Amino acid sequence: CSQIGLQDATAAATAEKGLHMQKVGSGSVRAALAELVALPCLFTLWPRPGAAREAPRIKWTKVRTASGQRQDLPILVAKDNVVRVAKGWQGRVSLPAYPRHRVNATLLLGPLRASDSGLYRCQVVRGIEDEQDLVPLEVTGVVFHYRAAQDRYSLTFAEAQEACRLNSATIAAPRHLQAAFEDGFDNCDAGWLSDRTVRYPITQSRPGCYGDRSSLPGVRNYGRRDPRELYDVYCFARELGGEVFYVGLARRLTLAGARAQCRRQGAVLASVGQLHLAWHEGLDQCDPGWLADGSVRYPIQTPRRRCGGPVPGVRTVYSFANRTRFPSPGERYDAYCFRGESCLVGGLCLLRSLRDTPLDGAVLTWSLAHEHPLGRK
Ligand SMILES: *[C@@H]1O[C@H](CO)[C@@H](O)[C@H](O)[C@H]1NC(C)=O
Ligand SMILES: *[C@@H]1O[C@H](CO)[C@@H](O)[C@H](O)[C@H]1NC(C)=O
C-alpha cells in the first residue's frame, strides 16, 4: 500500500486509541549526585483534552526488583489538576508542566541521591486505555572522606582542595554531603567543604559526634572557618573515565613495586577518588592494596567477616589504632591500578587495554569499551 495509505491507517488507529505514548528516545538518563534531573514522559490525546472525555490519570513509579519479583514503588499520581506525592518523595519530585501542558508528564527529581538510580515507569490511564514508558536513571559520582597521610585534622582549606584534586575529585559542596547523608553516610570526622564550612554527616548520633545537633541525626556544621584552621576534607569524584583493577601477586608489593607493576600492565596506581568510583560501580575485593597517594585501601560491596565492618564502603588501612598515618612505603600489600579511556568527539570512548603482562612483545591494543549514551539531562 502507498505511503499516504499507511499514514491514514496510523492516524485512524491513533484516533481510535485516543491515548498514545510518545517514546522519548532510548538510553538512560545520566546525572550527577545532588543535581536535578528531568525524566521525560510525553503522550498525545485524541480528541484534545477539554473535550467531553474523562481526564487522564498520570502515575509515576519506581520499578524495584526484589527477590526476582518486580514491584513498583509509588512516587506520584496526578489527576484533575491535583498532584499527590507519596511519602518519602515529598519535596523532591514535581511535574513542572502539569496541568498547563497536560500531555507532558515529565518528572523533575532531585537533589539526586545515589539510591535514586534505577528504572522509572510513567503510566497514563484514561478509561480503559493504558499506556506507559520506562526511563532508566543513572546517578553518577560519590562523596568520600579524606584524611592526610600524617595525622587527623592536618589540612588547611587550600591543602584540602589540593588533596581532593590529587585524588581525581573536587572538594565536595554542602549539597553533595547532604545527598550522601540522606543515603546513610555516617562519618564522625569534621571536614572542609567547598564553601569553606566544616561539617560531618551523622546518621546515628552518639557521644563525641553530637556537634551542633545533639542527639538528632543530621549533617553537623561548624560554620565558615578561618582557612588556616586544620581539618580533614570531604571530596566529590564525578566520573571514572576508565577502569580500576586489582593486582594480587603471590609476593606482595611495596609502594614502589606496586607503581611499577601497574605500569607494566599499561596503567598507573589508582587514586582514592577512582577507587571510590569503582566501588560505586560494583568493585568488591577484600584485599588491601596500594593507591597513588601512598594509602592502602580496599572496596567492599557485600560486608562479610574480616572485611572491615558491617556496612559497605571503601576501607582504609591505618598504622595506628586511632585511625591515623598511612602505612610506610616498604610494607607489602596488593595494588589497585587505573587504566584510562580516551574519548573521541561524539562521546565515543575507547578503553586503552594492554591485555596481558608482561610488556615484552605485547601489542598495545585499543578496544572498543563502551559508548556513552548521548546525555539527556
Ligand atoms: C515538558 O516539560 C518539561 C518540564 O517543564 C520541559 O522541559 C519540556 O520541554 C516539555 N516538553 C515538551 C515537548 O513540551
Ligand atoms: C594517634 O596516635 C598516634 C600514635 O599513638 C599519635 O602520635 C597521634 O597524635 C594520634 N592522633 C590523634 C588525632 O589522636
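These figures come from a predicted structure and were not determined experimentally. When a ligand or atom number is given, it counts from 1 through the structure's own listing order.
Considering only non-hydrogen protein atoms, atom 7 (O) of ligand 2 sits nearest to Phe320 CE1, 4.6 Å. Atom 1 (C) of ligand 2 has Asn322 ND2, 1.5 Å as its closest protein atom, hydrogens excluded (heavy atom only).
In summary, the side chains of Asn221 and Arg213 do not present any donor paired with an acceptor at a separation below 3.5 Å, with no hydrogens or angles considered. Defined by atom type and a distance below 3.5 Å, a donor-acceptor pair is missing between the side-chain atoms of Arg228 and Thr156.
Residues Leu166 and Val268 do not share a hydrophobic cluster, defined by chaining ILVMFWY side chains whose heavy atoms lie under 4.5 Å apart.
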Applying side-chain hydrogen bond (donor to acceptor under 3.5 Å, both in side chains) to Asp232 and Tyr153, what does each step give before you reach the verdict? CA-CA 5 Å; Asp232 293 344; Tyr153 296 172; 5.4 Å; no
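For atom 14 (O) of ligand 1, a protein heavy-atom neighbour is found at a distance under 4.0 Å. Within a 4.0 Å radius of atom 5 (O) of ligand 2, the protein contributes no heavy atom. Checking atom 9 (O) of ligand 1 against the protein gives no heavy-atom contact under 4.0 Å.
Within the listing of ligand 1, atoms 4 (C), 5 (O) sit less than 4.0 angstrom from a heavy atom of Pro96. Which parts of ligand 2 touch Thr324 is read off a 4.0 Å heavy-atom cut-off, strictly below it: atoms 1 (C).
Atoms CZ and CD, on Arg252 and Glu331 in that order, are 12.5 Å from each other to the nearest 0.5 Å.
Summarising the local packing, CZ of Arg206 is surrounded by more than 12 heavy atoms from other residues, nucleotides or ligands at distances under 6.0 Å. Within 6.0 Å of atom CD in Gln204, 12 or fewer heavy atoms from other residues, nucleotides or ligands are found, so the atom counts as exposed in its surroundings.
Of the N or O atoms in Arg152, none lie within a sub-3.5 Å distance of an N or O in ligand 2.
Of the candidates Thr106, Val103, Asn104, Asn104 brings a heavy atom nearest to atom 2 (O) of ligand 1.
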